[in-house]
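Positions are given from 1 along the sequence.
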Amino acid sequence: MQEILDATIENIAVSQRANLEVFSGTLQHLAQNDRDIIVVTSDSRGSGKLVPFGQKFPEQIIEVGIAEQNLVGVSAGLASAGKKVFAVSPACFLTARALEQIKNDVAYSNNPVKLIGISAGVSYGALGSTHHSLHDFAVLRTINNIIVVAPADNFETEQAILLAAESNIPVYIRFGKKQMPLLSEDEKTFGFGKGRIVREGSDITIIGTGETVAPALLAAEKLEREYNVSAAVVSMHTIKPLDYDLLQNIAAAGQPVLTVEEHSIYGGLGEACASFLIQHNFHNRFKIMGIPDEYTVTGSQTEIFNHYGISEGGIAAAALGLVR
(Lines give C-alpha, C1' and ligand atoms only; values in the text may rest on other atoms or scores of the structure.)
Protein backbone atom coordinates (compact mmCIF):
# COMPACT_ATOMS: atom_id res chain seq x y z
CA MET A 1 0.00 0.00 0.00
CA GLN A 2 2.84 2.44 0.81
CA GLU A 3 4.36 1.95 -2.65
CA ILE A 4 0.99 2.74 -4.23
CA LEU A 5 0.63 5.78 -1.97
CA ASP A 6 4.06 7.09 -2.98
CA ALA A 7 3.24 6.61 -6.66
CA THR A 8 -0.06 8.44 -6.43
CA ILE A 9 1.47 11.35 -4.53
CA GLU A 10 4.25 11.66 -7.10
CA ASN A 11 2.08 11.36 -10.19
CA ILE A 12 -1.22 12.91 -9.16
CA ALA A 13 -1.02 15.40 -6.32
CA VAL A 14 1.75 17.52 -7.79
CA SER A 15 -0.61 19.67 -9.83
CA GLN A 16 -4.01 21.28 -9.48
CA ARG A 17 -6.66 19.07 -11.02
CA ALA A 18 -10.32 18.29 -10.61
CA ASN A 19 -10.79 15.90 -7.70
CA LEU A 20 -12.64 13.52 -10.03
CA GLU A 21 -9.55 13.24 -12.23
CA VAL A 22 -7.47 12.41 -9.16
CA PHE A 23 -10.08 9.85 -8.13
CA SER A 24 -9.82 8.18 -11.54
CA GLY A 25 -6.03 8.25 -11.55
CA THR A 26 -5.77 6.81 -8.06
CA LEU A 27 -8.22 4.07 -8.94
CA GLN A 28 -6.13 3.13 -11.98
CA HIS A 29 -3.01 2.82 -9.80
CA LEU A 30 -4.89 0.56 -7.42
CA ALA A 31 -6.39 -1.58 -10.19
CA GLN A 32 -2.98 -2.30 -11.69
CA ASN A 33 -2.15 -4.38 -8.64
CA ASP A 34 -5.57 -5.52 -7.51
CA ARG A 35 -8.03 -7.29 -9.80
CA ASP A 36 -10.65 -7.11 -7.06
CA ILE A 37 -11.05 -3.38 -7.76
CA ILE A 38 -14.37 -3.12 -9.65
CA VAL A 39 -16.11 0.03 -10.91
CA VAL A 40 -19.87 0.02 -11.45
CA THR A 41 -21.43 3.04 -13.14
CA SER A 42 -24.90 4.25 -14.06
CA ASP A 43 -24.09 5.79 -17.44
CA SER A 44 -21.40 7.86 -15.66
CA ARG A 45 -18.22 6.67 -17.32
CA GLY A 46 -17.61 10.03 -19.00
CA SER A 47 -18.79 12.38 -16.29
CA GLY A 48 -16.97 10.28 -13.68
CA LYS A 49 -13.68 10.59 -15.62
CA LEU A 50 -13.59 6.80 -15.94
CA VAL A 51 -13.03 6.43 -19.68
CA PRO A 52 -9.26 5.80 -19.17
CA PHE A 53 -10.05 3.25 -16.45
CA GLY A 54 -12.41 1.41 -18.79
CA GLN A 55 -9.85 1.38 -21.56
CA LYS A 56 -7.13 -0.05 -19.31
CA PHE A 57 -9.30 -2.44 -17.31
CA PRO A 58 -12.32 -3.39 -19.44
CA GLU A 59 -12.97 -6.50 -17.32
CA GLN A 60 -13.12 -4.43 -14.12
CA ILE A 61 -15.85 -1.99 -15.07
CA ILE A 62 -19.60 -2.66 -15.26
CA GLU A 63 -22.21 -0.37 -16.85
CA VAL A 64 -25.78 -0.74 -15.57
CA GLY A 65 -27.27 2.24 -17.40
CA ILE A 66 -29.41 4.94 -15.82
CA ALA A 67 -30.63 2.68 -13.01
CA GLU A 68 -29.23 3.89 -9.71
CA GLN A 69 -31.10 1.35 -7.57
CA ASN A 70 -29.68 -1.47 -9.68
CA LEU A 71 -26.27 0.17 -9.45
CA VAL A 72 -26.27 -0.07 -5.65
CA GLY A 73 -27.81 -3.55 -5.59
CA VAL A 74 -25.28 -4.96 -8.06
CA SER A 75 -22.44 -3.26 -6.17
CA ALA A 76 -23.62 -4.70 -2.86
CA GLY A 77 -23.70 -8.19 -4.38
CA LEU A 78 -20.18 -7.87 -5.75
CA ALA A 79 -18.92 -6.52 -2.41
CA SER A 80 -20.52 -9.45 -0.59
CA ALA A 81 -18.38 -11.72 -2.80
CA GLY A 82 -15.16 -9.98 -1.76
CA LYS A 83 -14.79 -7.38 -4.51
CA LYS A 84 -13.68 -3.82 -3.76
CA VAL A 85 -16.51 -2.02 -5.48
CA PHE A 86 -16.69 1.66 -6.41
CA ALA A 87 -20.26 2.59 -7.38
CA VAL A 88 -20.17 5.83 -9.37
CA SER A 89 -23.22 7.98 -10.07
CA PRO A 90 -24.37 11.62 -9.79
CA ALA A 91 -24.73 12.40 -6.10
CA CYS A 92 -28.23 13.84 -6.48
CA PHE A 93 -29.58 10.54 -7.86
CA LEU A 94 -27.37 8.12 -5.95
CA THR A 95 -28.46 9.42 -2.54
CA ALA A 96 -32.13 9.95 -3.39
CA ARG A 97 -33.33 7.31 -5.87
CA ALA A 98 -31.12 4.61 -4.36
CA LEU A 99 -31.39 5.61 -0.70
CA GLU A 100 -33.29 2.46 0.27
CA GLN A 101 -30.64 0.28 -1.35
CA ILE A 102 -27.87 2.22 0.39
CA LYS A 103 -29.65 1.81 3.72
CA ASN A 104 -30.50 -1.89 3.38
CA ASP A 105 -28.25 -3.55 0.79
CA VAL A 106 -25.11 -1.67 1.71
CA ALA A 107 -25.14 -0.30 5.28
CA TYR A 108 -27.53 -2.71 7.05
CA SER A 109 -26.03 -5.70 5.23
CA ASN A 110 -22.50 -4.42 5.90
CA ASN A 111 -21.36 -4.68 2.30
CA PRO A 112 -18.35 -2.33 2.08
CA VAL A 113 -19.33 -0.58 -1.16
CA LYS A 114 -17.52 2.67 -1.93
CA LEU A 115 -20.32 4.99 -3.06
CA ILE A 116 -18.96 7.82 -5.22
CA GLY A 117 -21.33 10.76 -5.64
CA ILE A 118 -20.15 12.86 -8.58
CA SER A 119 -21.15 16.40 -9.58
CA ALA A 120 -22.21 16.97 -5.98
CA GLY A 121 -23.68 20.02 -4.31
CA VAL A 122 -24.57 22.59 -6.97
CA SER A 123 -21.95 21.42 -9.49
CA TYR A 124 -24.62 20.89 -12.14
CA GLY A 125 -25.28 24.64 -12.00
CA ALA A 126 -28.00 25.75 -14.38
CA LEU A 127 -29.59 22.28 -14.53
CA GLY A 128 -31.19 23.41 -11.31
CA SER A 129 -32.52 22.00 -8.07
CA THR A 130 -33.51 18.62 -9.55
CA HIS A 131 -29.80 17.97 -10.14
CA HIS A 132 -28.40 19.45 -6.93
CA SER A 133 -27.42 17.19 -4.05
CA LEU A 134 -28.01 19.40 -1.03
CA HIS A 135 -29.49 16.59 1.04
CA ASP A 136 -26.84 13.84 0.93
CA PHE A 137 -25.04 14.68 4.19
CA ALA A 138 -28.35 14.92 6.02
CA VAL A 139 -29.83 11.61 4.88
CA LEU A 140 -26.63 9.59 5.12
CA ARG A 141 -25.75 10.91 8.58
CA THR A 142 -28.89 9.21 9.87
CA ILE A 143 -27.88 5.80 8.52
CA ASN A 144 -25.76 3.59 10.73
CA ASN A 145 -22.55 1.97 9.45
CA ILE A 146 -21.46 4.37 6.72
CA ILE A 147 -18.59 6.88 6.51
CA VAL A 148 -19.44 10.19 4.80
CA VAL A 149 -16.59 12.14 3.18
CA ALA A 150 -16.19 15.31 1.07
CA PRO A 151 -12.53 15.83 0.06
CA ALA A 152 -11.44 19.44 -0.34
CA ASP A 153 -8.40 19.08 -2.58
CA ASN A 154 -6.34 16.64 -4.63
CA PHE A 155 -4.38 15.38 -1.62
CA GLU A 156 -7.50 14.58 0.38
CA THR A 157 -9.02 12.90 -2.66
CA GLU A 158 -6.20 10.44 -3.24
CA GLN A 159 -6.02 9.65 0.47
CA ALA A 160 -9.78 9.11 0.72
CA ILE A 161 -9.75 6.68 -2.21
CA LEU A 162 -6.79 4.74 -0.83
CA LEU A 163 -8.46 4.39 2.56
CA ALA A 164 -11.85 3.59 1.06
CA ALA A 165 -10.36 0.79 -1.04
CA GLU A 166 -9.24 -0.97 2.15
CA SER A 167 -12.27 -0.09 4.28
CA ASN A 168 -14.33 -2.96 5.63
CA ILE A 169 -17.40 -0.76 6.10
CA PRO A 170 -19.32 1.30 3.51
CA VAL A 171 -18.02 4.73 2.49
CA TYR A 172 -19.75 7.59 0.67
CA ILE A 173 -17.45 10.12 -1.02
CA ARG A 174 -18.80 13.18 -2.85
CA PHE A 175 -16.95 15.10 -5.56
CA GLY A 176 -17.59 18.30 -7.47
CA LYS A 177 -16.36 19.15 -10.94
CA LYS A 178 -13.94 22.03 -10.83
CA GLN A 179 -10.16 22.10 -10.44
CA MET A 180 -9.14 22.40 -6.82
CA PRO A 181 -6.04 24.07 -5.39
CA LEU A 182 -3.73 22.20 -3.03
CA LEU A 183 -4.75 23.70 0.31
CA SER A 184 -1.62 23.13 2.37
CA GLU A 185 1.93 22.10 1.63
CA ASP A 186 2.56 21.45 5.33
CA GLU A 187 -0.41 19.45 6.64
CA LYS A 188 -0.14 16.10 4.89
CA THR A 189 -1.92 13.86 7.35
CA PHE A 190 -5.29 12.32 6.58
CA GLY A 191 -7.65 9.88 8.21
CA PHE A 192 -11.39 9.34 8.17
CA GLY A 193 -12.90 11.14 11.14
CA LYS A 194 -9.90 13.44 11.61
CA GLY A 195 -10.25 17.05 10.49
CA ARG A 196 -7.33 18.76 8.80
CA ILE A 197 -6.14 22.16 9.99
CA VAL A 198 -5.03 23.95 6.82
CA ARG A 199 -4.49 27.36 8.44
CA GLU A 200 -3.77 28.35 12.03
CA GLY A 201 -5.56 31.33 13.59
CA SER A 202 -6.44 32.81 16.97
CA ASP A 203 -9.58 34.97 16.51
CA ILE A 204 -12.08 32.68 14.77
CA THR A 205 -12.24 29.18 13.30
CA ILE A 206 -13.82 28.58 9.91
CA ILE A 207 -14.78 24.94 9.36
CA GLY A 208 -15.45 23.97 5.77
CA THR A 209 -15.92 20.75 3.85
CA GLY A 210 -15.42 19.80 0.22
CA GLU A 211 -15.25 22.63 -2.27
CA THR A 212 -16.14 25.31 0.31
CA VAL A 213 -12.75 25.01 2.02
CA ALA A 214 -10.91 26.85 -0.78
CA PRO A 215 -13.06 30.04 -0.55
CA ALA A 216 -12.85 29.78 3.26
CA LEU A 217 -9.07 29.85 2.99
CA LEU A 218 -9.22 32.90 0.70
CA ALA A 219 -11.58 34.56 3.18
CA ALA A 220 -9.12 33.91 6.02
CA GLU A 221 -6.33 35.53 4.05
CA LYS A 222 -8.57 38.52 3.32
CA LEU A 223 -9.47 38.84 7.00
CA GLU A 224 -5.83 39.00 8.02
CA ARG A 225 -4.79 41.26 5.16
CA GLU A 226 -7.57 43.81 5.45
CA TYR A 227 -8.91 43.55 9.01
CA ASN A 228 -6.05 42.13 11.09
CA VAL A 229 -8.29 39.19 12.06
CA SER A 230 -6.54 35.85 12.50
CA ALA A 231 -8.74 33.04 11.21
CA ALA A 232 -8.02 29.33 11.45
CA VAL A 233 -9.39 27.14 8.65
CA VAL A 234 -10.28 23.49 9.08
CA SER A 235 -11.11 21.03 6.34
CA MET A 236 -13.69 18.80 8.01
CA HIS A 237 -13.58 16.33 5.15
CA THR A 238 -15.35 13.60 7.13
CA ILE A 239 -18.92 14.51 8.03
CA LYS A 240 -19.46 11.15 9.72
CA PRO A 241 -17.73 10.24 11.96
CA LEU A 242 -17.08 13.86 12.90
CA ASP A 243 -13.80 14.82 14.58
CA TYR A 244 -15.21 15.51 18.02
CA ASP A 245 -11.76 15.84 19.62
CA LEU A 246 -10.82 18.64 17.23
CA LEU A 247 -14.19 20.35 17.72
CA GLN A 248 -13.76 20.21 21.48
CA ASN A 249 -10.28 21.74 21.26
CA ILE A 250 -11.56 24.54 19.02
CA ALA A 251 -14.49 25.29 21.30
CA ALA A 252 -12.38 25.15 24.46
CA ALA A 253 -10.21 27.97 23.07
CA GLY A 254 -13.31 30.19 23.12
CA GLN A 255 -13.16 31.30 19.49
CA PRO A 256 -16.27 31.92 17.43
CA VAL A 257 -16.98 29.10 14.97
CA LEU A 258 -18.24 29.53 11.41
CA THR A 259 -19.17 26.47 9.34
CA VAL A 260 -19.40 26.55 5.54
CA GLU A 261 -20.86 23.82 3.34
CA GLU A 262 -22.22 23.17 -0.15
CA HIS A 263 -25.34 21.64 1.34
CA SER A 264 -28.59 22.66 2.94
CA ILE A 265 -28.17 24.48 6.24
CA TYR A 266 -30.31 21.68 7.66
CA GLY A 267 -28.80 18.35 8.62
CA GLY A 268 -25.25 18.84 7.36
CA LEU A 269 -21.87 19.85 8.70
CA GLY A 270 -23.09 22.92 10.56
CA GLU A 271 -25.86 21.19 12.47
CA ALA A 272 -23.57 18.24 13.25
CA CYS A 273 -21.04 20.63 14.79
CA ALA A 274 -23.70 22.66 16.61
CA SER A 275 -25.29 19.53 18.08
CA PHE A 276 -22.00 18.35 19.53
CA LEU A 277 -21.04 21.75 20.94
CA ILE A 278 -24.33 22.52 22.63
CA GLN A 279 -24.65 19.02 24.09
CA HIS A 280 -21.18 19.38 25.59
CA ASN A 281 -21.95 22.76 27.15
CA PHE A 282 -19.92 24.92 24.76
CA HIS A 283 -21.49 28.29 23.97
CA ASN A 284 -19.15 29.79 21.40
CA ARG A 285 -20.61 32.31 18.99
CA PHE A 286 -21.63 30.15 16.06
CA LYS A 287 -23.00 30.48 12.53
CA ILE A 288 -23.89 28.03 9.74
CA MET A 289 -23.32 29.06 6.13
CA GLY A 290 -24.82 26.94 3.36
CA ILE A 291 -27.83 26.84 1.08
CA PRO A 292 -30.97 28.20 2.82
CA ASP A 293 -34.35 26.49 2.86
CA GLU A 294 -35.28 27.30 -0.73
CA TYR A 295 -34.81 26.03 -4.25
CA THR A 296 -31.60 27.58 -5.47
CA VAL A 297 -31.24 30.43 -7.91
CA THR A 298 -30.28 29.38 -11.45
CA GLY A 299 -26.68 29.82 -12.46
CA SER A 300 -23.23 28.24 -12.46
CA GLN A 301 -21.73 26.81 -9.29
CA THR A 302 -19.71 30.01 -8.83
CA GLU A 303 -22.76 32.20 -9.35
CA ILE A 304 -24.77 30.16 -6.85
CA PHE A 305 -21.92 30.30 -4.34
CA ASN A 306 -21.67 34.07 -4.73
CA HIS A 307 -25.43 34.52 -4.38
CA TYR A 308 -25.45 32.72 -1.04
CA GLY A 309 -22.24 34.27 0.23
CA ILE A 310 -20.09 31.13 -0.09
CA SER A 311 -17.25 33.21 -1.46
CA GLU A 312 -14.13 34.98 -0.28
CA GLY A 313 -16.03 38.18 0.50
CA GLY A 314 -19.17 36.54 1.84
CA ILE A 315 -17.36 34.22 4.24
CA ALA A 316 -15.10 37.06 5.40
CA ALA A 317 -18.13 39.25 6.11
CA ALA A 318 -19.85 36.50 8.10
CA ALA A 319 -16.67 35.88 10.08
CA LEU A 320 -16.31 39.58 10.89
CA GLY A 321 -19.89 39.61 12.14
CA LEU A 322 -19.06 36.84 14.60
CA VAL A 323 -15.76 38.34 15.74
CA ARG A 324 -17.15 41.84 16.27
Taking the side chain from E224 and the backbone from A231, do they hold a donor-acceptor pair closer than 3.5 Å? no

Within-4.5 Å side-chain heavy-atom neighbours: Y172 and L94: yes

Donor-acceptor pair, side chain of T212 and main chain of T209, under 3.5 angstrom: yes

Please report the closest heavy-atom contact between D36 and K83, naming both atoms and the distance. OD1-NZ, 3.1 Å

Would you kindly say whether Q28 and K56 are connected by a side-chain donor-acceptor distance under 3.5 Å? yes

Return yes if a side-chain donor-acceptor contact under 3.5 Å exists between T205 and Q255, otherwise no. yes

What's the shortest heavy-atom distance between A152 and L183, and which atoms? CB-CD1, 3.5 Å

Would one find more than 12 heavy atoms of other residues, nucleotides or ligands at under 6.0 Å from atom NZ of K177? yes

So I239 and H263, do their side chains get closer than 4.5 Å, heavy atoms only? no

Considering non-hydrogen atoms only, spot the tightest contact between D153 and P181 and give its length. CB-O, 3.1 Å

For E221, is there an ion pair with R199 - N to carboxylate O distance below 4.0 angstrom? no

Take Y308 and T296, measure what side chain to side chain contact (heavy atoms under 4.5 Å, CB included) needs, and give me the verdict at the end. CA-CA 9 Å; Y308 293 111; T296 62; 4.0 Å; yes

Between CZ on residue R196 and CZ on residue F190, distance to nearest 0.5 Å: 8.5 Å

With the side chain counted from C-beta on, respond yes when E211 and Q301 share a heavy-atom pair under 4.5 Å apart, and no when they do not. yes

Are any of the side-chain heavy atoms of I173 and K114 separated by less than 4.5 Å? no

Would you please indicate if the ring centroids of H280 and Y244 are separated by under 6.0 Å? no

Tell me which one of V198, I207, V257 satisfies side chain to side chain contact (heavy atoms under 4.5 Å, CB included) with V234. I207

Pair E226 + K222, salt bridge at N-O below 4.0 Å: yes

Are the ring centres of H131 and F93 closer than 6.0 Å? yes

Which pair of heavy atoms, one from V323 and one from R285, lies closest together, and at what distance? O-NH1, 3.2 Å

Under 3.5 Å donor-acceptor, S24 side chain and E21 backbone: no

Pair N154-N19, side-chain donor/acceptor within less than 3.5 Å: yes

Polar side-chain atom of S167 near backbone of A164 as donor-acceptor pair, under 3.5 Å: no

Distance under 6.0 Å and angle within 45° of ring axis: K49 vs F23: no

Is any side-chain heavy atom of S75 closer than 4.5 Å to one of Q101? no

A31 versus Q60, closest heavy-atom pair with distance: CB-NE2, 3.9 Å

Do I62 and L78 have side chains that approach each other closer than 4.5 Å (heavy atoms only, starting at C-beta)? yes

Within the 4.5 Å heavy-atom criterion, are V233 and S235 side-chain neighbours or not? no

Side chain to side chain, V72 and V113, heavy atoms closer than 4.5 Å: no

Show your working on side chain to side chain contact (heavy atoms under 4.5 Å, CB included) between M236 and L247 and close with a plain yes or no. CA-CA 10 Å; M236 195 68 82; L247 266 180; 4.3 Å; yes

Shortest non-hydrogen separation from L71 to S42 and the atoms involved: CD1-N, 3.8 Å

Name the one of T238, D243, L246 that satisfies side chain to side chain contact (heavy atoms under 4.5 Å, CB included) with K194? D243

Between E312 and R225, is there a salt bridge with N-O shorter than 4.0 Å? yes

